[in-house]
Student: 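Encoded as structure tokens, here's the structure I'll be asking about.
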Number of protein chains: 2
Amino acid sequence: MRRDSRLSRMLHVLIHMDRIDGAATSDQIAQMLGTNPVVVRRTMAGLRDDGYLHSEKGHGGGWVLTRPLSEITMLDIHRAIGNPAFFAVGVAVDHPECLVEQAVNSALGSAFEAAEKLLIEKFASVTLADLADEFDQRMAKIADKPTCELSR
Amino acid sequence: MRRDSRLSRMLHVLIHMDRIDGAATSDQIAQMLGTNPVVVRRTMAGLRDDGYLHSEKGHGGGWVLTRPLSEITMLDIHRAIGNPAFFAVGVAVDHPECLVEQAVNSALGSAFEAAEKLLIEKFASVTLADLADEFDQRMAKIADKPTCELSR
DNA sequence: CATCTCGCAACAACAAAAGTTTCGAATTCC
DNA sequence: GGAATTCGAAACTTTTGTTGTTGCGAGATG
Ligand code: FES
Ligand code: FES
């Protein structure tokens with residue numbers, strides 16, 4: 001099953017955007033992400049609708065953060081890209097009236113529920129500012145810095 | 001993303017199989033699962049290879065459990081169908097040298113790792129006999145029993 | 001007005017499970 | 001021995017959702 005990489009990508013981008021002056025174009029961001037500008041617009045549209053980003057057309061336009069990183073959690077971003085399912089494994093409902101199926105799916109369901117609860121708690125507790133701090137710590141430790149055009 | 005239902009299906013089937021005498025054919029099982037015999041063989045091949053099932057050709061042939069349910073855990077079955085990924089969300093590695101990406105993916109990774117650990121512990125702690133007990137409890141509570149040809 | 005840039009729609013590519021068709025081979029029944 | 005069962009395996013097609021691509025329109029800037 002193909003893994004959804006939108007959350008990872010958006011977190012990455014937002015932290016970079018916080019470090020640059022002015023707007024970042026979809027083109028620049030696409031290069032960062034190794035993809036193309038249309039995918040960027042598609043994914044970031046959700047973040048704009050939820051009020052984390054603003055987009056501007058024309059010369060000097062592009063995407064701008066509208067909130068401090070400390071006010072955005074990983075969970076916020078997950079929700080902004082449409083709350084995609086966390087799990088690739090699900091329950092089958094082939095015979096809904098079958099009590100065996102019900103017992104199995106109840107056990108599976110409660111396991112996934114507990115795991116999802118853990119994930120959500122974790123995601124809600126980490127702000128993008130926390131991730132930026134983590135980045136700074138890594139940055140302080142090494143000599144040769146990344147050289148992407150958006151990394152400064 | 002389509003959800004993998006093999007685990008749920010196999011658990012369902014195995015518990016039913018424990019309650020019937022003799023072998024169950026792929027055809028019968030396919031009816032139980034609302035699918036067709038080829039899918040059944042494909043999925044159950046893994047369980048046979050791991051020693052939970054035996055298959056026999058010809059008249060009177062089919063699938064037989066080779067172990068008591070108390071010696072099979074949910075985790076065993078997950079492994080037997082090929083250890084499919086639990087999560088539909090993954091990390092992007094577009095710029096492996098980028099420290100922001102590393103910080104983001106480290107946070108995501110540790111969250112998923114913790115959730116996976118929880119899932120694995122839970123799955124390892126539940127045997128199919130536990131699920132069968134759960135089924136019996138549900139069975140005792142209701143009047144009209146399921147009527148599938150494999151349910152007795 | 002030329003250029004930049006987003007917005008949107010339509011569609012192709014891709015991946016993985018699920019479903020289907022069609023063989024063959026082994027076993028059992030008559 | 002022949003017919004009927006039943007699994008095994010290969011080679012598709014279908015399905016579902018992310019990702020990638022192309023093309024055109026509409027603001028904004030200089
Ligand atoms: S993509 Fe993170 S440094 Fe350029
Ligand atoms: S499928 Fe469970 S009762 Fe028939």
Side-chain angles (χ1 to χ4, degrees), chain A residues 1-10 12-13 17 22-49 53-64 66 78 80-94, chain B residues 1-10 12-13 17 22-49 53-64 66 78 80-94:
Chain A
M1 214 164 248
R2 182 180 257 187
R3 307 281 263 286
D4 187 335
S5 65
R6 285 175 293 179
L7 176 57
S8 167
R9 282 178 157 182
M10 287 302 98
H12 180 184
V13 164
M17 286 180 63
T25 68
S26 302
D27 246 310
Q28 292 174 303
I29 295 171
Q31 283 187 6
M32 263 178 64
L33 261 34
T35 180
N36 69 74
V38 181
V39 174
V40 171
R41 289 191 195 105
R42 188 151 63 206
T43 312
M44 297 185 68
L47 309 213
R48 182 191 52 222
D49 295 346
L53 293 175
H54 173 73
S55 59
E56 198 76 49
K57 294 177 181 175
H59 263 131
W63 299 87
V64 195
T66 54
H78 181 256
I81 59 181
N83 258 315
F86 283 120
F87 298 106
V89 174
V91 301
V93 282
D94 300 315
Chain B
M1 220 162 244
R2 183 180 255 187
R3 305 280 265 284
D4 187 337
S5 64
R6 286 175 294 177
L7 176 58
S8 168
R9 282 178 158 181
M10 287 302 99
H12 180 184
V13 163
M17 287 181 63
T25 68
S26 303
D27 247 309
Q28 293 175 302
I29 296 171
Q31 282 186 7
M32 262 178 65
L33 260 34
T35 179
N36 69 75
V38 181
V39 174
V40 171
R41 290 194 194 102
R42 187 150 64 203
T43 312
M44 295 183 71
L47 309 214
R48 182 192 52 222
D49 295 344
L53 293 175
H54 174 72
S55 59
E56 198 76 49
K57 293 179 180 175
H59 264 131
W63 299 86
V64 196
T66 54
H78 181 255
I81 58 181
N83 257 316
F86 283 121
F87 298 106
V89 173
V91 302
V93 281
D94 301 315

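We name chains A, B, ... by the order of the sequence lines, and we start the count at 1 in each one.
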Student: Just how far, in rounded Å, is P of C:dG7 from CE of A:M44?
Tutor: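 From A:M44 CE to C:dG7 P: 10 Å.
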Student: Within this structure, what is the OG1-CG distance for the pair B:T43 and B:L7, rounded to the nearest 0.5 Å?
Tutor: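 The CG atom of B:L7 is 11.5 Å from OG1 of B:T43, to the nearest 0.5 Å.
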Student: Judged by atom type as modelled, is there a donor-acceptor pair below 3.5 Å linking the side chain of B:R9 to the main-chain atoms of A:A92?
Tutor: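 No; judged by distance alone, with no hydrogens or angles, the pair does not exist.
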Student: Could you give the angle between the helix axes at the two ends of the helix from C:dC1-D:dG30 to C:dC30-D:dG1, with five pairs per end, rounded to 10 degrees?
Tutor: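 Helix axis angle between the two ends: 0°.
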Student: Rounding to a whole Å, what distance do you find between B:I29:CD1 and D:dT6:C1'?
Tutor: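 Those two atoms, CD1 and C1', are 12 Å apart.
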Student: Are B:R48 and B:T66 side-chain neighbours, meaning at least one heavy-atom pair lies under 4.5 Å?
Tutor: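 They are not in side-chain contact.
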Student: Is a side-chain donor or acceptor of B:H12 paired with a backbone partner of B:L33 at a separation under 3.5 angstrom?
Tutor: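 Looks like no, no N/O pair under 3.5 Å.
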Student: Go nucleotide by nucleotide along DNA chain D from the 5' end; which of A:T43 and B:G61 gets its closest nucleotide reached first?
Tutor: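 Its nucleotide being nearer the 5' end, the pick is B:G61.
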Student: Round to the nearest Å and state the distance from B:L7 atom CG to C:dA18 atom P.
Tutor: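 It is 11 Å, rounded to the nearest whole Å.
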Student: Is there a ring pair (Phe, Tyr, Trp, His ring centres under 6.0 Å) between A:F87 and B:F87 once you walk through the steps?
Tutor: CA-CA 4 Å; A:F87 298 106; B:F87 298 106; 5.5 Å; yes
Student: Separation of B:H54 atom NE2 from D:dT6 atom P, in whole Å?
Tutor: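 It is 15 Å, rounded to the nearest whole Å.
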Student: For nucleotides 13-18 of chain D, which of its nitrogen or oxygen atoms have a protein nitrogen or oxygen under 3.5 Å away, and what is each distance?
Tutor:
residue: D:dG17; atom: O4'; partner: B:M1; partner atom: N; Å: 3.3
residue: D:dG17; atom: O3'; partner: B:M1; partner atom: N; Å: 3.1
residue: D:dT18; atom: OP1; partner: A:R6; partner atom: NH2; Å: 3.0
residue: D:dT18; atom: O2; partner: A:R2; partner atom: NH1; Å: 2.3

Student: What I'd like to find out is whether the side chain of A:N83 reaches to under 4.5 Å of the side chain of A:H78, using heavy atoms alone.
Tutor: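 Side-chain contact under 4.5 Å: yes.
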Student: What is the separation between atom CG on A:D49 and atom C1' on C:dG7, rounded to the nearest whole Å?
Tutor: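 Interatomic distance, CG of A:D49 to C1' of C:dG7: 12 Å.
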Student: Separation of B:R48 atom CZ from D:dC7 atom P, in whole Å?
Tutor: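 About 10 Å, once rounded to whole Å.
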Student: Using OP1 and OP2 only, check whether a side-chain N or O of A:T25 sits under 4.0 Å from C:dC4.
Tutor: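 Answer is no, no contact under 4.0 Å.
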Student: Taking all non-hydrogen atoms of both residues into account, name the closest pair between A:N36 and A:A30 and its distance.
Tutor: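 Scanning both residues, the minimum pair turns out to be C-CB, 3.3 Å.
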Student: For nucleotides 21-28 of chain D, print each protein N/O atom paired with a nucleotide N/O atom at under 3.5 Å, atom names and distance only.
Tutor:
residue: D:dT21; atom: OP2; partner: A:N36; partner atom: ND2; Å: 3.2
residue: D:dG27; atom: N2; partner: A:G58; partner atom: N; Å: 3.1

Student: Between A:S26 and C:dT5, is there a side-chain N or O to OP1/OP2 distance below 4.0 Å?
Tutor: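 A:S26 to C:dT5 OP1/OP2: no side-chain N or O under 4.0 Å.
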Student: What is the distance from CG of A:D27 to P of C:dC4, rounded to the nearest Å?
Tutor: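 Interatomic distance, CG of A:D27 to P of C:dC4: 11 Å.
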Student: Between C1' on C:dA16 and CD1 on B:I81, what's the gap in Å once rounded to a whole number?
Tutor: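 That distance rounds to 13 Å.
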Student: Looking at residues at least two apart in the chain, or sitting in another chain, which of them share a side chain to side chain donor-acceptor pair (under 3.5 Å) with B:S26?
Tutor: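 Side chain to side chain donor-acceptor pair (under 3.5 Å) list for B:S26, sorted by chain: B:R41, B:W63.
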Student: List the residues meeting side chain to side chain donor-acceptor pair (under 3.5 Å) with A:H54, not counting sequence neighbours, and say none if there are none.
Tutor: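 Once residues adjacent in sequence are excluded, the partners of A:H54 under the side chain to side chain donor-acceptor pair (under 3.5 Å) criterion are A:E56.
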Student: Any sub-3.5 Å donor-acceptor pair from A:Q31's side-chain atoms to A:Q28's backbone N or O?
Tutor: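 Not confirmed, A:Q31 side chain does not pair with A:Q28 backbone.
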Student: Just to verify, what does B:D49 make a side chain to side chain donor-acceptor pair (under 3.5 Å) with, not counting sequence neighbours?
Tutor: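 With neighbours one apart ignored, the set is empty.
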